Structures are given as C-alpha cells and as structure tokens.
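One structure is given below, encoded as structure tokens.
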Amino acid sequence: MSGPAPRQRDRIGGRAIALIDGNSFYCSCERVFDPKLSGVPVIVLSNNDGCAIARTAEAKSLGIKMGDPYFKIRDMCRVKGVRVFSSNYTLYGDMSGRANAVYRDFSPMVEIYSIDESFLDLSDVHPDRRLELGRDLRSTVRAWTGIPTCVGIGPTKTLAKLANHIAKRIAPLDGVCDLTDPAEYEHWLCRIPAGEVWGIGRASLAKLEAMGVDSVADLADLDPRPVRKALTVVGERIIHELRGLSCLPLGALPAQRKGCAVTRSFSTRIEDRATLEQAVSAHATRLGEKLRREGLGTNHVSVFYHTSEHDRGAPMRSVSTTVTLPEATNDTLALIKAARLGVAKTWREPGSRPWRFSKAGIVTTDLMLLDASPRALIGQLDRERSGPLMAAIDACNARFGRGSVVPARAGMEAKRTWSTKFEMRTPRYTTQVGELPIAVAG
DNA sequence: TCTGGGGTCCTAGGACCC
DNA sequence: TCTGGGGTCCTAGGACCC
C-alpha cells in the first residue's frame with residue numbers, strides 16, 4: 001500500500017494508553033518540601049553540580065536551557081534570584097515510587113518508563129470518560145504527593161507521548177490531552193512540528209525536512225517503506241504508531257537489564273594512579289550493589305578513564321580496557337580487583353606534563369542472572385562465602401546509609417578529594433528519619 | 001563474462017531517550 | 001576554577017564457518 005493510509009483506524013473500542021509525567025519533576029520534588037519555592041525560578045543540577053537538568057517554567061522563561069553549564073549561568077541565577085539545587089536522587093526516587101502507587105489505583109497496568117514518566121493502560125475506560133479520568137488522576141497525584149503532572153492519552157505509546165507534549169504546552173487543555181478522540185487527533189497533528197515526535201531526534205529531523213515533512217501529520221502520511229530506508233525500522237514504526245497501529249508493547253514487567261555502568265566526573269582533575277584506583281574501586285563497589293539488587297552478574301568489566309575535552313592545551317588521553325573474570329560475579333571484592341587490574345594494565349607514568357583525568361567509569365554490557373550462570377571449571381570464585389558476606393554488607397548499608405561498610409580498598413585509605421560535588425543538596429526528607437522536615441507551630 | 005552462498009557471532013558507532 | 005550519568009536499539013562490516 002502506498003499514499004496516505006487511513007489513520008487512526010479502530011479508535012473506538014481500541015486501546016487507550018496514557019502517559020503521565022511530573023512537570024519539571026526534580027524541581028517539583030524540591031517544591032513539595034519548601035513552599036517558598038513556589039512561583040520562583042528553580043533549577044536542579046546534574047551530578048557534580050555540572051549542568052541544569054531540571055528547570056521550572058519560571059527558570060525556562062529566564063532563558064535557562066536544558067544542559068546549560070552551571071558556571072556559565074551562576075551569576076545570572078544570583079541576579080535573578082533563581083534557587084539552585086544539587087540532585088537529590090534519593091528523594092526523587094522515593095517521590096517517584098509514591099506517584100506510581102497512585103497510578104496503580106487508576107489502571108490495572110502501569111509501566112514505569114523513567115523516574116518521572118509512566119504509561120497506564122486505560123483501554124477499559126469508556127472513550128467519553130477518558131478526559132475526565134485524566135483530570136481526576138492529575139488532581140489525585142497532586143493532592144497525595146504534591147507533584148504537578150500532565151496526562152497524554154492515545155491509542156499507541158507514541159501518540160500518548162505526543163498527547164502529553166500537547167497537554168504540557170497548551171494551557172487551556174488543563175494538563176490533559178486525549179488523542180484517542182478523532183476530532184482532537186485531526187486538530188492537533190497538523191499543528192505540531194514533526195520534531196516533537198518521540199524518537200525523532202536531530203539527525204532524523206534533518207532527513208525528514210529534506211523529504212518535505214513539516215508537521216506530525218506530514219510524517220504520519222509518509223509511505224513507511226522509503227522511510228525505512230532513511231530512518232531504519234525505527235522510523236517505520238513511528239509512522240505506524242502515529243497512525244494508531246501499536247508497535248511498542250505495553251508491559252508491567254521491566255525487562256531484565258542488559259548492561260550496567262557506574263561513571264563519574266571528578267570534582268577536581270586527578271593525576272595520580274593511587275587516586276584513580278581509589279575512584280574505580282568506589283565505582284566497582286557501587287556496581288556490585290546495583291547488580292546484587294537485581295540478582296545479576298557479569299564476567300566482563302570494562303574500565304575507562306580520560307582527560308576532559310574542555311581542557312584545551314593540556315595533553316589528551318583516553319583509556320579503556322576490558323578485564324575478563326573467570327566466571328560471572330557480583331562480588332564487590334572481585335569487581336574491585338578487576339577494576340584495579342584495568343588501571344594496572346593501562347597506567348602510564350606521565351612525562352613532564354601529567355595528564356589531568358576528569359572522569360572514570362566501569363561498564364558492563366553482558367549481564368546475566370547469577371543463579372543461572374555457568375560455573376567456571378578453573379578459577380571458580382567462592383560464591384558460598386561471597387553471597388552471605390555481600391548480603392551482610394548490603395544489609396548494613398541499607399540500615400545505616402550507603403558507605404557505612406565498604407571494603408578497605410574502596411576509598412577508605414585517603415580523603416576522597418575526587419568525589420562528586422553536591423554542594424546544594426536538600427535533605428532526604430522521605431527516607432532518613434534524621435532528615436525529616438521540621439514544622440514549627442505558633 | 002561469470003569469480004559461491006548463506007549462515008552466525010561479535011563489535012563499533014550512530015541515534016535517541018530521560 | 002567550574003561543562004552529567006545511564007540506558008536502549010539498530011546497522012554495517014569483519015571474522016569465521018560449512
């Protein structure tokens with residue numbers, strides 16, 4: 001088939017998917033615990049207080065862009081009274097869990113897509129009631145968690161995302177847009193630029209523009225086959241999804257992850273091997289925690305470290321190596337050993353001008369369920385001892401806070417001058433008794 | 001003139017997302 | 001002085017095999 005295909009077939013009685021997400025989520029979490037932040041510009045910074053990664057509407061209107069380096073906007077923030085926070089992932093993760101608990105009251109199937117976005121199956125809701133349910137959902141989440149949200153509804157995930165985008169930007173919609181409604185669908189698709197579609201990035205947009213595509217409607221009307229040539233099967237799927245034909249399944253269970261990485265920029269440049277080994281050991285420790293939480297193991301660990309591309313004039317060096325373990329593991333001690341071996345294999349003593357390393361990390365890409373993984377014939381690791389030991393460490397850290405118990409080689413031997421900066425972090429209000437907010441009456 | 005034809009597996013790199 | 005971190009999916013191309 002070619003030419004414009006009938007869009008949005010089988011809408012009535014077909015599937016309805018909602019995408020709900022928190023508005024400026026990290027900023028909104030901060031606002032929940034500090035009413036003085038409402039109505040004023042707020043931003044939250046990335047790790048190391050590097051870039052702005054969440055901005056309230058007030059901050060956006062001051063011209064602060066996603067990813068703006070903080071050092072470039074610091075003066076402006078001071079002058080304009082922007083409230084600036086370091087990331088508080090413990091708080092945001094907990095607030096995310098609370099929001100999802102509310103979503104589950106509204107839908108039999110909730111797929112968590114990211115820390116601030118979830119897909120809800122609303123297929124059982126009558127088409128005439130979907131808008132109303134979206135509004136009810138919004139106000140309930142607001143009342144029970146304090147987080148403002150927007151809701152987009154569509155027959156496919158891609159259309160639900162698009163509806164959410166519309167709900168966010170068109171004020172009279174009151175935060176809810178339902179594209180399962182044929183009139184709304186016809187109204188909006190020709191008014192929204194194709195670049196707003198989920199999965200269309202810069203490179204794809206340039207190709208589509210060359211094909212004469214301007215609006216989402218133009219994109220939906222393309223013949224999928226030539227699009228596949230230009231944008232691969234991903235682009236072809238997007239067209240089908242925009243026409244109401246679902247290609248992206250909705251599922252409650254998160255797929256088992258395929259890879260896991262712990263990477264960090266240093267708060268200051270580091271030049272010596274001992275500090276680098278300390279850092280990768282700390283990353284390996286964190287990697288072990290993440291893997292154990294999901295019962296996963298790995299037998300290849302890649303270690304990298306490099307100088308900064310922003311340090312012009314200084315010598316550049318980028319190093320990466322892979323260390324193979326005798327069998328899959330998530331044992332912190334084995335991972336630290338592998339990480340340090342990665343440094344040992346690649347470390348070069350500097351000449352007259354030392355390298356100034358800015359970042360290091362540890363990456364795995366071939367995770368497997370540890371219980372189902374084959375054992376080594378030679379060099380078997382001692383799982384019988386490692387398992388209980390790691391479980392004990394994890395339990396201590398869960399109770400007394402991360403880092404309460406760490407292997408001696410993972411950063412105890414010296415001051416962690418390289419550690420990531422979080423100089424403006426708020427308390428972990430919802431997960432640490434000692435950091436509960438205090439209310440004063442009278 | 002034609003210079004086999006499929007397979008699989010792996011890796012690197014691109015693109016996109018939050 | 002100061003520029004985040006962590007994912008997914010897809011394709012092309014090489015190595016290797018029968």
Side-chain angles (χ1 to χ4, degrees), chain A residues 19 21-26 43-55 64-75 77 84-89 92-93 96 111-119 157-158 161 164-165 195-208 227-238 247-249 254-269 283 286-287 290-291 294 296 300 302 304 306-314 320 322 356 358-367 417 419-424:
Chain A
L19 179 78
D21 75 338
N23 304 341
S24 314
F25 182 67
Y26 296 173
I43 62 173
V44 172
L45 303 176
S46 62
N47 268 343
N48 233 11
D49 295 342
C51 304
I53 52 167
R55 307 107 71 218
I64 299 174
K65 301 274 181 300
M66 182 72 175
D68 272 354
Y70 179 50
F71 76 91
K72 285 187 180 172
I73 57 172
R74 181 181 295 149
D75 290 343
C77 287
V84 181
F85 296 94
S86 305
S87 299
N88 186 344
Y89 292 111
Y92 310 152
S96 172
E111 177 189 322
I112 297 171
Y113 176 66
S114 74
I115 192 165
D116 76 322
E117 284 176 84
S118 293
F119 289 102
K157 284 185 166 181
T158 304
K161 283 282 278 186
N164 179 276
H165 168 87
E196 304 297 342
V197 172
W198 189 34
I200 302 296
R202 231 184 26 221
S204 302
L205 185 61
K207 289 178 191 167
L208 290 172
V227 169
R228 182 170 185 148
K229 284 250 187 326
L231 303 185
T232 80
V233 65
V234 176
E236 189 183 14
R237 274 205 291 256
I238 287 171
C247 303
L248 305 170
Q256 186 194 300
R257 73 156 87 216
K258 300 185 167 70
C260 188
V262 179
T263 72
R264 292 284 181 279
S265 296
F266 305 122
S267 55
T268 57
R269 302 286 189 256
H283 298 344
R286 180 78 190 109
L287 179 73
K290 288 168 78 174
L291 296 186
E294 296 173 47
L296 299 171
H300 297 284
S302 294
F304 75 82
H306 59 68
T307 56
S308 168
E309 56 201 49
H310 303 292
D311 283 356
R312 280 188 298 275
S320 150
T322 301
R356 303 175 66 235
S358 65
K359 180 172 178 175
I362 173 161
V363 181
T364 66
T365 55
D366 60 346
L367 299 180
T417 52
S419 284
T420 310
K421 268 195 301 199
F422 293 97
E423 289 176 348
M424 297 160 282

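Please read all numbers here as calculations on a predicted model, not as lab measurements.
- Looking at heavy-atom distances under 4.0 Å, A/R228 makes no contact with the nucleic acid at all.
- In this structure, A/G361 reaches neither bases nor backbone, as no heavy-atom distance under 4.0 Å exists between it and the strands shown.
- No donor-acceptor pair closer than 3.5 Å links the side chain of A/S46 to the backbone N or O of A/I53.
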In residues 227-234 of chain A, what donor-acceptor pairs under 3.5 Å come from side-chain atoms, sequence neighbours left out?
{"residue": "A/R228", "atom": "NH1", "partner": "A/E236", "partner atom": "OE1", "Å": "2.8"}
{"residue": "A/T232", "atom": "OG1", "partner": "A/V234", "partner atom": "N", "Å": "3.2"}

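- Residue contacts shown for A/I200 are limited to sugar-phosphate atoms, with no base heavy atom under 4.0 Å away.
- Residue-level contact check: A/V44 touches neither bases nor backbone, having no heavy atom under 4.0 Å from any strand.
- At the heavy-atom level, A/D116 lies under 4.0 Å from the strands shown only through sugar-phosphate atoms.
- Legend: residues meeting salt bridge (Lys or Arg N to Asp or Glu O under 4.0 Å) with A/R264, ordered by chain and number and at least two apart, are absent.
- Note on A/K421: nothing from the nucleic acid sits closer than 4.0 angstrom, heavy atoms only.
- Partners of A/H300 under the ring pair (Phe, Tyr, Trp, His ring centres under 6.0 Å) rule, at least two apart in sequence or in another chain, do not exist in this structure.
- Judged as a ring pair (Phe, Tyr, Trp, His ring centres under 6.0 Å), and not counting sequence neighbours, the contacts of A/Y92 are A/Y26.
- For B/dT3 and C/dC18, the P atoms lie 24 Å apart once the distance is rounded to whole Å.
- Contacts of A/K161 with the nucleic acid, taken as non-hydrogen atoms under 4.0 Å apart, involve only primed sugar atoms and P, OP1 or OP2.
- Residue contacts for A/R257: at a heavy-atom cut-off of 4.0 Å it reaches the sugar-phosphate backbone alone, with no base atom in range.
- Among the heavy atoms of the strands, none lies under 4.0 Å from A/R286.
- As judged by a 4.0 angstrom heavy-atom cut-off over every strand, A/E117 is placed among residues touching the sugar-phosphate backbone only.
- Contacts of A/S308 with the nucleic acid, taken as non-hydrogen atoms under 4.0 Å apart, are absent.
- Residues meeting the side-chain contact (heavy atoms from CB on, under 4.5 Å) test with A/D49, sequence neighbours left out: A/L45, A/S86, A/K421, A/E423, A/M424.
- A residue-by-residue look at A/K290 and A/S267 shows that A/S267 has its nearest nucleotide of DNA chain C further toward the 5' end.
- Considering only residues two or more places apart in sequence or on other chains, A/K359 meets the salt bridge (Lys or Arg N to Asp or Glu O under 4.0 Å) condition with none of them.
- How far CG of A/N48 is from CZ of A/F266: 10.0 Å, rounded to the nearest 0.5 Å.
- With a heavy-atom cut-off of 4.0 Å to chain A, the contacted part of DNA chain C has its first and last nucleotide at C/dC2 to C/dT11.
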* How does DNA chain C look in dot-bracket form if you count Watson-Crick and G-U pairs under 3.5 Å, write [ ] for pairs that cross, and put | where a base pairs with another strand? -> ....||||||||||||||
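- At a threshold of 4.0 angstrom between heavy atoms, the contacts of A/Y70 with the nucleic acid are absent.
- Comparing A/R312 and A/K258 by the nucleotide of DNA chain C that holds the closest heavy atom to each, the one mapping nearer the 5' end is A/R312.
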* Asked: Taking it one step at a time, do A/R269 and A/D311 satisfy salt bridge (Lys or Arg N to Asp or Glu O under 4.0 Å)?
  -> CA-CA 10 Å; A/R269 302 286 189 256; A/D311 283 356; 2.8 Å; yes
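- By the ring pair (Phe, Tyr, Trp, His ring centres under 6.0 Å) test, A/F304 is found to be paired with A/H306, residues two or more places apart in sequence or in another chain being considered.
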